[in-house]
Amino acid sequence: MAGVGGPSYKGYRYPAEIIAHAVWLYHRFPLSYREVEELLFARGIVVSYETVRQWTRKFGPEYAARLRRRQPRPGDKWHLDEVFIKINGERQYLWRAVDQDGAVLDILVQSRRDTAAAKRFFRKL
């Protein structure tokens, strides 16, 4: 991933491919630094979670921006769904903003049914 206009991995102990993969894992999936460390260790790469944190701090913004650009654009028509769920035995209200293709744009969980807050949530999108 290093190249013209890309990040410079010069002076780092690990090859650019390993650093790029670690940063990509962290930004692409909901993983913690320790989980990225464990995934790399499973592939025979010994690296600390602190190193992964430093890599993501330095190279992460560019990867995150690239991933955001690749996400599909939401559709023209949006809908607001209301779902009742139980969390720890208590009824919660889950509001989901969904586009015409069924892609979930954002969610809001509330302990009480507050229509005004749901409308603010939808306008915020």
Side-chain angles (χ1 to χ4, degrees):
M1 298 225 168
V4 177
S8 172
Y9 299 102
K10 200 172 194 170
Y12 285 88
R13 176 179 169 202
Y14 291 92
E17 293 80 21
I18 292 175
I19 297 172
H21 187 67
V23 174
W24 176 79
L25 281 172
Y26 179 78
H27 284 282
R28 176 61 181 89
F29 303 102
L31 300 174
S32 68
Y33 299 127
R34 290 184 191 268
E35 290 170 330
V36 172
E37 173 191 13
E38 290 174 8
L39 285 171
L40 293 175
F41 182 74
R43 289 164 178 78
I45 303 165
V46 179
V47 62
S48 73
Y49 73 92
E50 179 60 25
T51 302
V52 174
R53 186 189 70 78
Q54 290 173 358
W55 289 344
T56 56
R57 190 167 175 212
K58 177 160 184 170
F59 304 113
E62 182 178 328
Y63 280 90
R66 232 184 287 153
L67 287 171
R68 275 193 301 276
R69 279 194 301 268
R70 285 174 48 219
Q71 287 181 344
R73 306 295 277 166
D76 296 344
K77 296 180 183 176
W78 295 0
H79 306 282
L80 193 61
D81 289 342
E82 179 184 30
V83 181
F84 304 98
I85 59 174
K86 284 201 173 205
I87 299 176
N88 292 331
E90 294 182 31
R91 179 183 244 179
Q92 304 286 327
Y93 299 90
L94 172 73
W95 299 87
R96 296 184 305 173
V98 183
D99 71 356
Q100 75 231 20
D101 300 320
V104 177
L105 304 171
D106 204 356
I107 61 171
L108 171 68
V109 178
Q110 302 178 19
S111 60
R112 59 191 172 95
R113 193 174 189 183
D114 187 356
T115 307
K119 286 181 181 177
R120 279 193 310 271
F121 161 73
F122 193 65
R123 277 193 303 262
K124 184 182 78 167
L125 284 172

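The figures that follow rest on heavy atoms only: side chains count, while hydrogens, waters and symmetry mates do not.
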Distance-only donor-acceptor pairs under 3.5 Å for side chains of residues 85-93, two or more places apart:
unit_1, atom_1, unit_2, atom_2, d
Gln92, OE1, Ser111, N, 3.4

key: Partner residues of Pro15 under the side chain to side chain contact (heavy atoms under 4.5 Å, CB included) criterion, sequence neighbours left out   = Glu17, Ile18
request  = Take Tyr14 and Trp55 through the ring pair (Phe, Tyr, Trp, His ring centres under 6.0 Å) test and state the conclusion after the steps.
outcome  = CA-CA 11 Å; Tyr14 291 92; Trp55 289 344; 5.6 Å; yes
remark   = Residues passing the side-chain hydrogen bond (donor to acceptor under 3.5 Å, both in side chains) test with Thr51, sequence neighbours excluded, are Ser48
Considering all heavy atoms, the nearest Leu31-Leu25 contact = CD1-O, 3.7 Å
query = In Å and rounded to the nearest 0.5 Å, what is the CD1 to CD1 distance from Ile19 to Ile45?
reply = 10.5 Å
request  = Provide the full list of salt bridge (Lys or Arg N to Asp or Glu O under 4.0 Å) pairs with a residue in residues 47-59, sequence neighbours left out, each pair given once.
outcome  = Glu50-Arg53
inquiry  = Just to verify, what does Phe41 make a ring-ring contact (aromatic ring centres under 6.0 Å, His included) with, not counting sequence neighbours?
reply    = none
Residues forming a side chain to side chain contact (heavy atoms under 4.5 Å, CB included) with Ala42, sequence neighbours excluded = none
message = Hydrophobic clusters here meaning ILVMFWY residues chained together by side-chain heavy-atom distances under 4.5 Å, can you tell me if Leu40 and Phe29 are in one?
response = yes
ask   = With Ile107, which residues qualify under side chain to side chain contact (heavy atoms under 4.5 Å, CB included), at least two apart?
value = Leu94, Arg96, Val104
ask   = Mind checking what makes side-chain hydrogen bond (donor to acceptor under 3.5 Å, both in side chains) contact with Glu82, not counting sequence neighbours?
value = Arg113
note = By side chain to side chain contact (heavy atoms under 4.5 Å, CB included), Tyr49 pairs with (sequence neighbours left out) Tyr33, Arg34, Glu37
Partner residues of His21 under the ring-ring contact (aromatic ring centres under 6.0 Å, His included) criterion, sequence neighbours left out = Trp24
